[in-house]
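Report on the structure given below.
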Amino acid sequence: MMKIILLVYVSPATQRPAMTDLVVDAIREAKIPEVKEISDGGPQPLSEDFSFYAKERPSCFFYVGAKKEDAPYPHHHPKFDIREDAMVICAKSMAAVTVKYLMEE
């Protein structure tokens with residue numbers, strides 16, 4: 001089962017709820033067979049450059065789970081073993097969001 005967790009990581013002054021709604025709607029409307037659930041991960045203490053991008057452009061940070069269920073190592077560990085199918089799911093999700101964003105602009 002694949003689960004997408006949406007996270008908003010921007011300061012309150014630059015948070016763009018409309019973009020998060022667009023992302024959720026686009027992924028749901030795309031009916032990507034591998035996506036079984038979309039959930040709100042709530043605020044996260046991420047150390048990402050993403051927050052700087054989000055100040056400049058409409059943004060929504062989201063994860064597509066890429067860790068194998070029985071894998072002992074987390075992301076960013078040198079022995080992390082990625083689920084290759086997660087890359088395809090991510091590409092499908094990003095394509096759906098891009099098309100929806102461009103159609104609505």
Side-chain angles (χ1 to χ4, degrees):
M1 179 172 90
M2 182 59 62
K3 181 164 109 175
I4 293 180
I5 300 173
L6 295 172
L7 304 174
V8 178
Y9 177 67
V10 291
S11 66
T14 59
Q15 186 172 346
R16 312 269 173 91
M19 188 61 180
T20 301
D21 292 343
L22 183 140
V23 169
V24 171
D25 292 346
I27 295 170
R28 280 193 179 130
E29 290 167 10
K31 295 182 172 55
I32 301 165
E34 301 90 347
V35 176
K36 305 298 181 203
E37 180 182 348
I38 299 174
S39 61
D40 182 347
Q44 300 286 313
L46 302 171
S47 58
E48 293 276 348
D49 291 339
F50 182 81
S51 63
F52 297 105
Y53 308 138
K55 289 181 181 179
E56 301 296 323
R57 299 287 184 264
S59 305
C60 174
F61 191 101
F62 67 94
Y63 289 116
V64 174
K67 181 181 177 192
K68 294 180 178 178
E69 291 198 27
D70 59 345
Y73 301 104
H75 288 258
H76 305 293
H77 189 283
K79 293 183 180 179
F80 175 71
D81 188 14
I82 192 168
R83 284 182 57 187
E84 297 289 334
D85 64 325
M87 304 312 289
V88 174
I89 296 163
C90 188
K92 290 177 181 181
S93 299
M94 293 299 294
V97 170
T98 301
V99 169
K100 186 167 182 71
Y101 179 77
L102 292 172
M103 296 297 286
E104 292 190 5
E105 283 299 303

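Reckoned from all heavy atoms, side chains included, excluding hydrogens, waters and symmetry mates.
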*From Ile82 atom CD1 to Lys67 atom NZ, the distance as rounded to the nearest 0.5 Å*: 13.0 Å
*For Tyr73, enumerate each residue passing the ring-ring contact (aromatic ring centres under 6.0 Å, His included) test, keeping only those at least two apart in sequence or located in another chain.*
His77
_Heavy-atom pair of closest approach, residues Cys60 and Val23_ = CB-CG2, 3.7 Å
*So which heavy atom on Pro33 is nearest to which on Lys36, and how close?*
O-NZ, 2.6 Å
*Kindly work out whether a path of hydrophobic side-chain contacts (I/L/V/M/F/W/Y, heavy atoms less than 4.5 Å apart) joins Leu22 to Leu102.*
yes
*Any salt bridge (Lys or Arg N to Asp or Glu O under 4.0 Å) pairs touching residues 87-101, not counting sequence neighbours?*
Glu29-Lys100, Glu34-Lys92, Lys100-Glu104
*asked:* So, taking the atom named CE in Met94 and the one named CD1 in Ile27, what distance separates them when rounded to the nearest 0.5 Å?
replied: 8.5 Å
*Joint hydrophobic cluster, Val24 plus Tyr101, side-chain heavy atoms closer than 4.5 Å*: yes
*asked:* Quick check: closest heavy atoms across His75 and Ala66, and the distance to 0.1 Å?
replied: CE1-CB, 3.9 Å
*asked:* Rounded at 0.5 Å granularity, tell me how far CG in Asp70 sits from CG in Asp81.
replied: 9.0 Å
*Around atom CE of Met19, are there more than 12 heavy atoms of other residues, nucleotides or ligands at under 6.0 Å?*
yes
